[in-house]
There are 2 protein chains.
Amino acid sequence: MSTLDRRDIDILFAIANNHTMSTETIHEVTDIPKSTVHYRIQSLKDGGVIVNDLCELAREKIGLEITVISEVWAEYGEGYHEEIGEKLSDIEGVNQVYFTMGDTDFVVIARLTSRDMVEKLVEDYESIEEIRRTSSKFAITTIKETVGVSTLRDYDVETVRAAQGLSEDGEDGG
Amino acid sequence: MSTLDRRDIDILFAIANNHTMSTETIHEVTDIPKSTVHYRIQSLKDGGVIVNDLCELAREKIGLEITVISEVWAEYGEGYHEEIGEKLSDIEGVNQVYFTMGDTDFVVIARLTSRDMVEKLVEDYESIEEIRRTSSKFAITTIKETVGVSTLRDYDVETVRAAQGLSEDGEDGG
DNA sequence: ATTGAAACTTGATCGTT
DNA sequence: AACGATCAAGTTTCAAT
């Protein structure tokens, strides 16, 4: 499965907007027959579009109240970013690592439970030899955070359809 | 539900590590009886710890290939950050908005489908009056991204337990 | 790839401790 | 709050198109 068709996208948006993967519910809201919903979701899983079956958590309720955003500058070298990226990813509490274009080499986002954990993060940065410099800031508030299918709620259906080469009328891209 | 006990945490980690919310599967891997797993998950939902039933997507497969990380500087004023934060959140494609301490006021992460959408993002920034300056960079690679219960995979069970006031032995915090 | 109907598995409930 | 047994409900399969 390389591109998605109109129906795949409808199903994904239904999942995002109804907060559920339930075949029954998706059938009810989309009017697509149960067995077809099942078939499609299975195809999306097989095609690697849906990679995980999960739920979202209220981070603060499990104690991950501190958010740290760091910029990281590192030494250049052959394939260095993969190696350093892995090292950054392995630090406890690090949830996002981006290798970036521009003035910084990496942007790292970590959720931590305590001041001690923040200190440990900084120490872990320092223990990575190739890292030249880091600059971290705290998030006072997380105003928005949607990653997963919920991400789809941030888009117009038409935008996603267009990304799959589907025009506004009923043309098919799958 | 204010704090979680050992069993809640075990169930959440089981969900994270087995990529499923299935009562049956969690029962199998944890040895906690089905009906108890059901009862606990229900409590976690009622308590607002589990906020959403979802799945993770391969973003690139739905065309959200471009990641932009922006720093935003804004005018100060009474409750200004909530208002501006909302406006930033409403921009199509914006997935994460953090109100920060330090040299910048906001950090914004957006996933976009095209160059056109990047231009639109910048225009949308400019259309917000209170915004003084923005600085954006592209992520070349997303090395790591885990938000949701999958986030738990980034932590030691002990760290999360400690955040709930649970010691290493069998003491209960819920 | 789609579907209705059948078969089966599982989630939800209830009563007891 | 925990849990075994029960039942309703949903998921998955099947055969036909």
Side-chain angles (χ1 to χ4, degrees), chain A residues 1-57 61-62 149 161 164-166 169-174, chain B residues 1-56 61-62 149 161 164-167 169-174:
Chain A
M1 169 181 294
S2 52
T3 54
L4 310 175
D5 70 7
R6 195 159 288 268
R7 240 178 177 180
D8 291 321
I9 293 168
D10 286 346
I11 289 173
L12 291 176
F13 271 83
I15 292 171
N17 292 323
N18 295 281
H19 311 296
T20 180
M21 289 273 286
S22 151
T23 320
E24 185 69 20
T25 308
I26 303 308
H27 152 67
E28 279 164 20
V29 303
T30 58
D31 268 324
I32 300 170
K34 272 154 59 137
S35 50
T36 307
V37 171
H38 176 72
Y39 175 84
R40 286 289 186 141
I41 290 181
Q42 198 52 51
S43 302
L44 289 165
K45 284 179 177 171
D46 291 346
V49 177
I50 293 175
V51 290
N52 239 339
D53 188 8
L54 278 177
C55 62
E56 284 182 276
L57 292 187
K61 299 237 178 185
I62 51 170
V149 245
R161 285 180 176 161
Q164 299 296 328
L166 295 169
D169 48 277
E171 196 193 322
D172 213 60
Chain B
M1 171 181 294
S2 51
T3 54
L4 311 175
D5 69 8
R6 196 161 288 266
R7 238 174 180 183
D8 290 320
I9 295 168
D10 286 346
I11 289 173
L12 291 175
F13 270 84
I15 292 172
N17 292 323
N18 295 281
H19 310 296
T20 179
M21 288 272 288
S22 152
T23 317
E24 185 69 21
T25 309
I26 303 308
H27 152 67
E28 280 163 19
V29 302
T30 60
D31 269 324
I32 300 171
K34 267 163 61 145
S35 50
T36 305
V37 171
H38 176 72
Y39 173 82
R40 286 290 186 141
I41 289 181
Q42 198 52 51
S43 302
L44 289 165
K45 283 179 178 171
D46 291 346
V49 177
I50 293 176
V51 291
N52 240 340
D53 188 6
L54 280 176
C55 61
E56 284 182 274
K61 298 237 177 183
I62 53 172
V149 243
R161 284 180 177 161
Q164 299 295 328
L166 296 168
S167 53
D169 47 278
E171 196 192 321
D172 213 62

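Everything numeric here is computed off the predicted structure, so don't read it as measured data. Quick note on labels: first sequence line is chain A, next is B, and so on, each numbered from 1.
- Considering every non-hydrogen atom in both Lys61(B) and Gln164(A), the closest pair reads O-NE2, 3.2 Å.
- Taking atom NZ on Lys34(B) and atom C1' on dA1(D), their separation rounds to 19 Å, with Å as the unit.
- Between the C1' atom of dT13(C) and the CD1 atom of Ile41(B) lies a distance of 16 Å, rounded to the nearest Å.
- For DNA chain C, the residues of residues 15-31 of chain B within the heavy-atom distance limit of 4.0 Å (strictly under) are Ser22(B), Thr23(B), Glu24(B), sorted by number.
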Show, in sequence, the C-alpha distance, side-chain angles and deciding distance for Arg161(A) and Asp8(A), and conclude whether the salt bridge (Lys or Arg N to Asp or Glu O under 4.0 Å) test is met. CA-CA 10 Å; Arg161(A) 285 180 176 161; Asp8(A) 291 321; over 6 Å; no
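- Listed by chain and residue number, Met21(A), Thr20(B) satisfy the side chain to side chain contact (heavy atoms under 4.5 Å, CB included) test with Asp53(A) (two or more places apart in sequence, or in another chain).
- Ile62(B) places a side-chain heavy atom less than 4.5 Å from the side chain of Leu4(A).
- Although no hydrogens or angles enter the test, the distance criterion places a donor-acceptor pair under 3.5 Å between the side chain of Ser43(B) and the main chain of Tyr39(B).
- Across dT11(D), dA1(D), dT2(C), the shortest atom-to-atom separation from the side chain of Arg40(A) is found for dT2(C).
- Judged by distance alone, with hydrogens and angles left aside, the side-chain atoms of Asn17(B) form no donor-acceptor pair with the main-chain N or O of Ala14(B) at under 3.5 Å.
- In this entry the distance linking CD of Gln42(A) with C1' of dT3(C) reads 17 Å, nearest Å.
- The two atoms that bring Pro33(A) and Arg7(A) nearest to each other are CD-NH2, 4.3 Å, heavy atoms only.
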Using nucleotides 13-17 of chain D, report all nitrogen or oxygen pairs with the protein that are shorter than 3.5 Å.
none

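- When all heavy atoms of Ile15(A) and Leu54(B) are compared, the pair lying nearest together is O-CD2, 4.1 Å.
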